[in-house]
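A short write-up of the structure that comes next.
Values in this document were obtained by computation on a predicted structure and should not be read as measured data.
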Amino acid sequence: MKPNHENNLEKEGSFTLDLRLNQTLKSVQKLLSGRSFPGKVLLSRKGDSLSGIKESASSSNVGGHEIDESMDQNAKGEQVDSHINGSDVVTEFDGTSKAPDESLHQPSSSEPPRVPFGGRATDSARVARFRKELAASTVDLDALRELAWSGVPPDMRPTVWRLLLGYAPPNSDRREMLLALKRQEYLDDLAQYFDISDADRTEEEIHTLRQISVDVPRTVPDVTFFHQTSIQASLERILYIWAIRHPASGYVQGINDLATPFLIVFLSEHFGGDMENWMIAKLSKEKLQHVEADCYWCLSKLLDGIQDHYTFAQPGIQRLVFKLKELVRRIDEPVSKHLEEQSLEYLQFAFRWFNCLLIREIPFTLVTRLWDTYLAEGDSFPEYLVYVCASFLLTWSDQLQQFDFQEMVLFLQHLPTRRWTHQELEMVLSRAFMWRVMFDRSPSHFNSN
């Protein structure tokens, strides 16, 4: 028999999972009012996974909420069609619907701009809960992760990200002192490794610095903010110090993209309004050094959990691409078969997704919201990323099945996400979460042939 404290921990974990599932389903219901859920869930055989979710979610009156039975009617049988309205439609961004059309991958530039949708992150009750958690003398990181998963208020994001990554300690009394020590350590590294002449560098270090200096101007090229000389100089310093401190992998293309969300978030503590109007040259040297140091350490913390993504041959990414292929086969067999028939390898499009964590696939204005969920996942992030990529791909399930090889390659290289808002992103994240719960509760679906 298990000790009582182990049973209590298991019950706590189950309660937290059901709470998040309940909240996610309720959120999806609101998002789907008058809209379709893109893609279909196809299970290879009948099982208890979906009915298990239905029973646990609908029977647990968590937080005073119950799952509407209308969300559970499809949790029966071999095929679950997630189109809520029962028709094969594709959701338009303005809430209307129409039949699938190949022209979707060529959005009109004349369309009016849309208002971003990010209500959950700025809901007054959730903001109050964030403030309460952050005001504690010792932050409850588990509670903070639960809150952050659904989005972090922008003004609290710098503090929350430092805590979630383990860069800042939960204890508020020690926080400023430890941050000051880490920032000074970064400055010491700059003096020792960066602010020196090439005569004092090895050939490998010179090559690394040159590669970084070539890649930095290409970083997020469609966002003019990153064209600023001072921003590019900061990125160069951050990336070079990371490469020197991590010789097992060194600098790899793609890591430059991963530094950008941190740079934006930590600069936001010093600027307001649209980032395109931020003038970094006006920031004091000390404040810029603190921003750089925080970026460096948070990037390091993030990459510590996925370092084999960037070692020789990038085995971590290869492994996730294989898992993505298997997951898509289990979820949407028609798409899986079509990709196979057209001889389209997942590495041809998904390698970049995993290498840059989808930064290049969605508008940059949505990246920090996406990363709120990434960082809230903690050690489970690589596993969840596979589900996010599956959900992302199957957003275009119907269109993909209409394309031949060349059309699919072109489509997947230029996905129609330019005008996405938070609403489309929330759909991808929520669906990924629900699929993970389904497969976690019935792992044989994923492992059997």
Side-chain angles (χ1 to χ4, degrees), residues 20 23-24 26-28 30-32 35 38 91 93 113-127 129-130 133-134 144-165 220 222-223 225-226 257-269 271-276 278 295 298-299 302 353-354 356-378 380-381 384-385 387-392 395 415-434 436:
R20 186 181 289 174
Q23 292 172 335
T24 301
K26 298 289 284 185
S27 175
V28 168
K30 293 176 183 178
L31 287 171
L32 286 176
R35 299 167 64 91
T91 303
F93 297 140
R114 262 163 279 261
V115 177
F117 179 91
R120 292 199 71 186
T122 54
D123 174 79
S124 58
R126 294 187 73 252
V127 169
R129 290 180 63 196
F130 269 108
E133 293 296 340
L134 294 177
L144 188 62
R145 288 187 191 283
E146 285 300 311
L147 281 172
W149 198 95
S150 297
V152 180
D155 62 316
M156 303 182 200
R157 189 171 276 134
T159 300
V160 171
W161 281 20
R162 291 186 189 105
L163 288 164
L164 292 180
L165 284 162
V220 199
D222 56 334
V223 178
F225 172 78
F226 291 102
D257 290 88
L258 305 188
T260 57
F262 295 121
L263 200 53
I264 292 299
V265 165
F266 296 129
L267 282 171
S268 72
E269 290 184 294
F271 296 96
D274 191 336
M275 69 177 180
E276 297 291 358
W278 296 354
C295 289
C298 286
L299 177 66
L302 173 73
W353 295 5
F354 288 113
C356 301
L357 307 184
L358 292 178
I359 285 178
R360 297 188 185 183
E361 316 311 319
I362 62 174
F364 192 76
T365 52
L366 300 180
V367 168
T368 51
R369 166 62 195 95
L370 175 63
W371 280 41
D372 289 339
T373 299
Y374 283 174
L375 302 187
E377 281 289 327
S380 300
F381 163 61
Y384 179 65
L385 181 60
Y387 286 91
V388 171
C389 288
S391 178
F392 187 67
T395 297
L415 287 166
T417 59
R418 185 176 63 85
R419 301 186 68 79
W420 269 27
T421 67
H422 286 78
Q423 190 159 359
E424 286 76 30
L425 180 61
E426 296 291 346
M427 287 294 296
V428 168
L429 294 174
S430 296
R431 182 166 55 174
F433 173 75
M434 288 188 288
R436 182 175 62 174

>> If I compare all heavy atoms of Ala148 with all of Val160, which pair ends up nearest, and what's the gap?
In response: CB-CG1, 4.2 Å
> Mind checking whether Trp371 and Leu357 have side chains closer than 4.5 Å, heavy atoms only?
Replying inline: yes
> Which heavy atom in Met156 sits nearest to a heavy atom in Val127, and how many Å separate them?
Replying inline: CE-CG1, 3.6 Å
>> Ignoring hydrogens, what is the shortest heavy-atom contact between Cys356 and Asp257? Give both atom names and the distance.
In response: SG-OD1, 3.9 Å
>> Holding to side-chain hydrogen bond (donor to acceptor under 3.5 Å, both in side chains), I want the full list of residues that pass it with Trp161, two or more places apart in sequence or in another chain.
In response: Asp372
> Partners of Arg162 by salt bridge (charged side-chain N to carboxylate O under 4.0 Å, His left out), sequence neighbours excluded?
Replying inline: Glu269, Asp294
> Hey, what do you get for CG (Leu370) to CG (Leu385), rounding to the nearest 0.5 Å?
Replying inline: 8.5 Å
>> Holding to side chain to side chain contact (heavy atoms under 4.5 Å, CB included), I want the full list of residues that pass it with Ser380, two or more places apart in sequence or in another chain.
In response: Glu377, Glu383, Arg436
> After noting the C-alpha distance and the side-chain angles of Tyr374 and Leu358, does the key distance pass the side-chain contact (heavy atoms from CB on, under 4.5 Å) rule?
Replying inline: CA-CA 11 Å; Tyr374 283 174; Leu358 292 178; 3.8 Å; yes
>> Using only atom types and a distance under 3.5 Å, with no angle test, would you say the side chain of Tyr384 pairs donor to acceptor with the backbone of Leu429?
In response: yes
> Between the side chains of Thr365 and Arg369, does any donor sit under 3.5 Å from an acceptor?
Replying inline: no
>> Please determine whether side-chain contact (heavy atoms from CB on, under 4.5 Å) holds for the pair Trp420 and Thr395, giving the CA-CA distance in whole Å, both sets of side-chain angles, and the decisive distance to 0.1 Å.
In response: CA-CA 12 Å; Trp420 269 27; Thr395 297; 4.2 Å; yes
> When the ring planes of Phe262 and Phe266 are compared, do they come out parallel, tilted or perpendicular, using 30° and 60° as the limits?
Replying inline: parallel
> Closest heavy-atom contact between Thr417 and Ile362?
Replying inline: OG1-CA, 3.8 Å
> So, for Leu415 and Trp353, which heavy atoms are closest and what is the spacing to 0.1 Å?
Replying inline: CD1-CZ2, 3.9 Å
> Residues two or more places apart in sequence or in another chain: which of them pass side chain to side chain contact (heavy atoms under 4.5 Å, CB included) with Asp274?
Replying inline: Glu276, Asn277
>> So, using side-chain hydrogen bond (donor to acceptor under 3.5 Å, both in side chains) as the criterion, who are the partners of Glu133 when residues are at least two apart?
In response: none
>> The test is ring-ring contact (aromatic ring centres under 6.0 Å, His included); show your working for Phe364 and Phe225 and say whether it passes.
In response: CA-CA 11 Å; Phe364 192 76; Phe225 172 78; 8.5 Å; no
>> Just verifying a value: how many Å separate Leu267 CG and Cys295 SG, rounded to the nearest 0.5 Å?
In response: 6.5 Å
> For Thr260, what residues pass the side-chain hydrogen bond (donor to acceptor under 3.5 Å, both in side chains) criterion, not counting sequence neighbours?
Replying inline: none
>> Distance check, rounded to the nearest 0.5 Å: Leu258 atom CG versus Leu263 atom CG?
In response: 13.0 Å
> Is there a donor-acceptor pair closer than 3.5 Å between any side-chain N or O of Ser391 and the backbone N or O of Tyr387?
Replying inline: no
> Minimum heavy-atom separation for Thr368 to Pro261, with atom names?
Replying inline: CG2-O, 4.4 Å
> Looking at OG of Ser150 and CG of Asp123, how far apart are the two atoms once the value is rounded to the nearest 0.5 Å?
Replying inline: 10.5 Å
> With a 4.5 Å heavy-atom cut-off, do Ile264 and Phe226 have their side chains touching?
Replying inline: yes
> Would a distance-only check, ignoring hydrogens and angles, find a side-chain to backbone donor-acceptor pair under 3.5 Å from Ser268 to Val265?
Replying inline: yes
> Is a side-chain N or O of Arg418 found less than 3.5 angstrom from the main chain of Pro363, in a donor-acceptor match?
Replying inline: no
